[in-house]
Every structure is written in C-alpha cells, then in structure tokens.
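All remarks here apply to the structure that follows.
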Amino acid sequence: MSLNGRTVAVFALGGTIATTASPATGGVVPALSGKELLGGVPQLSALGVTLRIHDFRRVASASLTLSDLDALHAAIAAELDAETVDGVVVVQGTDTIEETAFHLDLLHQGDTPVVFTGAMRNPTLPGPDEPANLYAAVIAAAGPWLRDAGCVVVLGDEVHAARTVQKSHTLDTSAFTSPGAGPLGLVADRKVRLHQRLPHRTVLPGNTEAQTNARTVRVALHTVTVGDDGTVLDLPDGRCEGLVVAALGGGHVPE
Ligand code: ASP
C-alpha cells in the first residue's frame with residue numbers, strides 16, 4: 001500500500017538516538033533536533049509522508065518526569081484535534097520507553113496509533129540503528145495497520161504493545177521483547193505484518209481532578225531480595241503515602 005499523502009506528527013524528546021559526540025565529556029549528549037534526526041534518513045522522503053515535527057524535550061530519558069509525560073499526552077491530543085494526522089511517532093531514549101509508552105497508552109483516546117521509538121546505538125558508532133528505527137516507526141504510524149492499537153514500541157523492526165514491552169537488555173540492539181506475549185508484528189516491505197490480533201486496551205477517563213491530585217502523592221517501590229530483613233521498608237515511613245512491594249515469585253517475601 002502507498003503511504004503517499006499520509007501525515008505523521010513526530011515528537012522528539014532526546015535520548016541516545018538524538019546524541020552527538022561531546023568533546024567536553026568524551027561521551028555523547030542529546031543534541032539533535034527532530035528536523036536534524038529525520039533529515040538524516042533520506043529514504044523517508046521517498047515514502048511521500050508529510051512529517052509535522054515537534055521538538056518537545058531534549059533530554060536523556062531517565063530525566064523525563066510524569067509532568068513531561070502528561071504534557072506530551074496533552075500536546076498529542078491538541079495536535080490530533082487541530083490537524084488531520086494519520087499517526088504519531090514519539091522519539092526518545094530507550095531507558096524509559098516502556099514506562100512512557102505505557103503511561104501514554106493509559107491516557108491516549110481515539111484510534112490514531114502512537115508509535116514510540118529510539119535507538120540502542122548512538123549515531124557516532126558503526127551501524128547505528130537510528131535510521132532504520134525512525135523509518136520503521138514512520139511507516140507503522142502512517143499506515144492503517146495499527147489503528148486502535150493505542151501506543152506501541154517499534155525497534156529492530158518489531159512492533160510491541162505498550163502494555164507488554166520490556167527493555168530486556170542494556171546494550172543489545174534487539175533489547176525490546178514482550179515476554180509471554182511476543183511482538184504484535186513486524187515492519188517489513190514498507191508495511192506492518194501483524195502476527196496477532198490487537199490487544200484489548202484499558203484507557204483511563206479524561207484528565208480528572210483525581211489524576212491531577214495523584215501526581216502529588218509519593219509512592220515508594222521496594223524490590224525484595226534474598227536476605228532482605230525488611231529494614232529498608234522503614235525508610236519510606238512518614239515520607240510516602242504508599243508503598244509497592246515487588247516481591248519474589250508469586251508475591252512471596254522472607255518470613
Ligand atoms: N541514555 C539513553 C536514554 O536516554 C539510552 C537510550 O536512549 O537508549 O534513555
């Protein structure tokens with residue numbers, strides 16, 4: 001199917017995919033704008049897809065906040081209200097892509113797909129995965145295949161549902177997996193080949209006062225380990241309104 005004439009809104013948030021070498025640190029820092037990122041993939045223009053590019057944030061994804069994610073949701077909703085857009089691409093760091101995609105999946109209304117992508121290799125390394133991931137993400141967002149899928153993650157040409165995807169390796173270029181579920185499909189030959197029916201989504205009602213208030217509530221997370229004597233559980237006492245205990249196996253803790 002031709003994607004010529006379709007429109008995709010792209011929101012750039014930074015991450016490894018947007019980095020350039022930083023002589024000052026000897027490492028890399030997020031520096032590329034959305035236009036520079038997409039301009040580095042000349043094959044995109046042959047698709048005939050109109051790209052509406054928004055520079056939303058330019059940070060490593062560990063620095064994104066829940067307020068950033070709520071603002072992103074609002075910006076996507078405003079774009080979809082104001083413009084005729086077939087799909088949305090969010091470009092960000094991979095470290096928190098599973099969290100941001102899931103957060104947005106709970107809030108995103110309507111049937112326009114929102115496709116998250118990033119890159120495992122920074123653009124200064126040999127064989128960066130950035131161009132292929134951007135290309136696949138735009139195809140996935142522009143076409144009709146993922147309507148009603150809500151938020152998905154596309155990396156390494158695989159399409160994963162936001163509710164199942166995990167970054168399951170720190171460095172591997174095929175780090176994204178959906179344990180117990182598998183990918184929804186594959187981007188190949190300029191289309192999405194779906195392997196499964198789209199999963200059922202749970203969407204929260206629109207922005208309520210309760211949701212706004214929830215942002216001011218602090219909840220701690222404790223991961224139980226072997227030899228855990230429970231001392232750490234006292235630390236959040238008086239500082240947090242809630243505590244989530246990630247226990248062992250099916251919810252087991254040491255006696
Ligand atoms: N540090 C990066 C981030 O912003 C890692 C990445 O993008 O892959 O999440």
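One-based numbering, in listed order, for ligands and for the atoms of each.
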query = Hey, is the main chain of Val232 close enough, under 3.5 Å, to the side chain of His222 for a donor-acceptor pair?
reply = no

message = Between Asp70 and Ser67, do the side chains contain a donor N or O and an acceptor N or O under 3.5 Å apart?
response = no

ask   = Between the side chain of Ser33 and the main-chain N/O of Glu36, is any donor-acceptor distance below 3.5 Å?
value = yes

inquiry  = Using a 4.0 Å cut-off on heavy atoms, what residues surround ligand 1? Order them by chain and number.
reply    = Gly15, Thr16, Ala60, Ser61, Gly93, Thr94, Asp95, Ala119

request  = Would you please say whether a donor-acceptor pair under 3.5 Å links the side chains of Glu83 and Thr7?
outcome  = no

task = Please confirm whether the backbone N or O of Leu107 pairs with a side-chain atom of His103, one donor and one acceptor, at under 3.5 Å?
result = no

query = Does some side-chain heavy atom of Ser178 sit less than 4.5 Å from a side-chain heavy atom of Leu184?
reply = no

